[in-house]
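The structure under discussion appears below in the form of C-alpha cells.
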Amino acid sequence: MNIIMLGAPGAGKGTQAAVLSEHFGIPTISTGNMIREALKNGTEMGLKAKSFMDEGKLVPDEVVIGIVKERLSEDDCKKGFILDGFPRTIPQAEALDDMGVDIQYVININISDERIINRMSGRRVCENCGRPYHIVNLKPKKEGVCDDCNGTLVQRKDDHPDTVLARLKVYHTETEPLVGYYKKQGKLVDVEGQDSVDDTTAAVLKVIEA
Ligand code: AMP
C-alpha cells in the first residue's frame with residue numbers, strides 16, 4: 001500500500017504517518033526529516049536546504065525529487081510506504097507519477113489556519129530521533145524528554161510563529177493545488193482534522209480500512 005499524507009504543516013501528518021507505518025508495517029518517508037538529517041550531518045544538500053527551511057520556504061523541487069527517488073528505490077519500500085511532506089508542489093507530484101509510483105490513497109487532513117497556529121506553538125520534536133510531541137495534545141511520559149531515545153525535546157526553528165505564517169502561505173499557494181490534482185485522479189480522501197491528534201488518526205484509519 002502506497003499512501004500520501006497531504007495537508008497543511010502542523011495538521012498532524014507526521015503522527016498519523018507513524019501510526020499507519022506501524023499498522024501496515026511499511027516505512028514513512030518524511031522529506032522534512034530527511035532534510036533535517038542531512039543538515040545535522042553537514043552534507044552539501046543539507047546546507048543548501050537550510051536557508052529555505054529556516055525561512056519557511058520550500059527547498060527546490062529538483063533537490064527534493066532526487067532524495068525521494070533514491071529513498072524509494074531502497075528495499076524496505078518494496079512492500080509500500082507512507083509519504084509525509086512529499087509531494088508539496090505540482091512538479092513534485094508529476095515527478096512521482098513519472099517514476100511510475102502507484103499511489104492508492106492521498107489523505108487530505110482538513111484543518112483551519114487558526115487551529116494550526118495554536119497547535120504549532122506547542123509542538124516539540126526530539127532533537128535526536130525527530131519524534132514529534134505536543135506540550136498539550138501529545139505529551140511525552142517525562143516532560144522535555146523523548147519516550148523512545150531519551151533525547152531532548154526542542155522547538156524547531158521553523159515552528160516559530162513568524163515562520164509558521166510563512167509556511168501556511170506557501171502551503172496555500174504551492175501545495176493546496178495538489179488537492180485538485182489528486183481529486184482528478186480519484187485518489188483523494190478527505191479527513192476532518194479533530195481537536196485531538198488521536199481522534200484524527202482514528203478517522204484516517206477508518207477511511208483506509210473501510
Ligand atoms: P516538514 O517537516 O515536512 O514540515 O518540512 C520542513 C521543511 O523542509 C519545509 O518547510 C521545507 O523547507 C522543507 N521540505 C520538506 N519537504 C519538502 C518538499 N516536498 N518540497 C520542498 N521542501 C520541502
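Order of appearance sets the numbers: ligands from 1, and atoms from 1 within every ligand.
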Is a side-chain donor-acceptor pair under 3.5 Å present for Q16 with T201?
yes
If we count only N and O atoms by modelled type, under 3.5 Å, do the side chains of R115 and N118 hold a donor and an acceptor together?
no
Could you check atom 20 (N) of ligand 1 against the protein and tell me its nearest heavy-atom contact, residue, atom and distance included?
Q92 NE2, 2.9 Å
In this structure, which one of L188, N110, L83 forms a side-chain contact (heavy atoms from CB on, under 4.5 Å) with L6?
L188
For ligand 1, is there an N or O atom under 3.5 Å from any N or O atom of P87?
no
Are D159 and R167 close enough for a salt bridge, meaning some N to O gap below 4.0 Å?
yes
heavy-atom search around atom 1 (P) of ligand 1 in the protein gives R88 NH2, 3.4 Å
Assigning hydrophobic clusters by single linkage (Ile, Leu, Val, Met, Phe, Trp, Tyr; side-chain heavy-atom cutoff under 4.5 Å), is V68 placed with I82?
no
With a 4.5 Å heavy-atom cut-off, do L58 and E174 have their side chains touching?
yes
Which residue holds the protein heavy atom closest to atom 14 (N) of ligand 1, what is that atom called, and what is the gap in Å?
I35 CD1, 3.7 Å
Atom 8 (O) of ligand 1 - nearest protein heavy atom and its distance:
M53 CE, 3.5 Å
Under 3.5 Å: N/O of V59 near N/O of ligand 1
yes
Minimal non-hydrogen separation, G85 against T31, with atom names
O-OG1, 3.0 Å
Compute the minimum heavy-atom distance from R156 to ligand 1 and say whether it is under 4.0 Å.
yes
Distance to 0.1 Å, residue and atom name: give those for the protein heavy atom nearest to atom 16 (N) of ligand 1.
T31 OG1, 2.8 Å
L58 contact mode with ligand 1 (heavy-atom cut-off under 4.0 Å):
both
Where is the nearest protein heavy atom to atom 4 (O) of ligand 1: which residue, which atom, and how far?
R167 NH2, 2.5 Å
Proximity winner for atom 11 (C) of ligand 1, if only heavy atoms of K57, M5, E55, E174 are counted
K57
For a side-chain contact (heavy atoms from CB on, under 4.5 Å) with F86, tell me which candidate from R71, Q92, M5, M34 qualifies.
Q92
Which heavy atom of the protein is the closest neighbour of atom 2 (O) of ligand 1, given with residue, atom name and distance?
R36 NH2, 2.9 Å
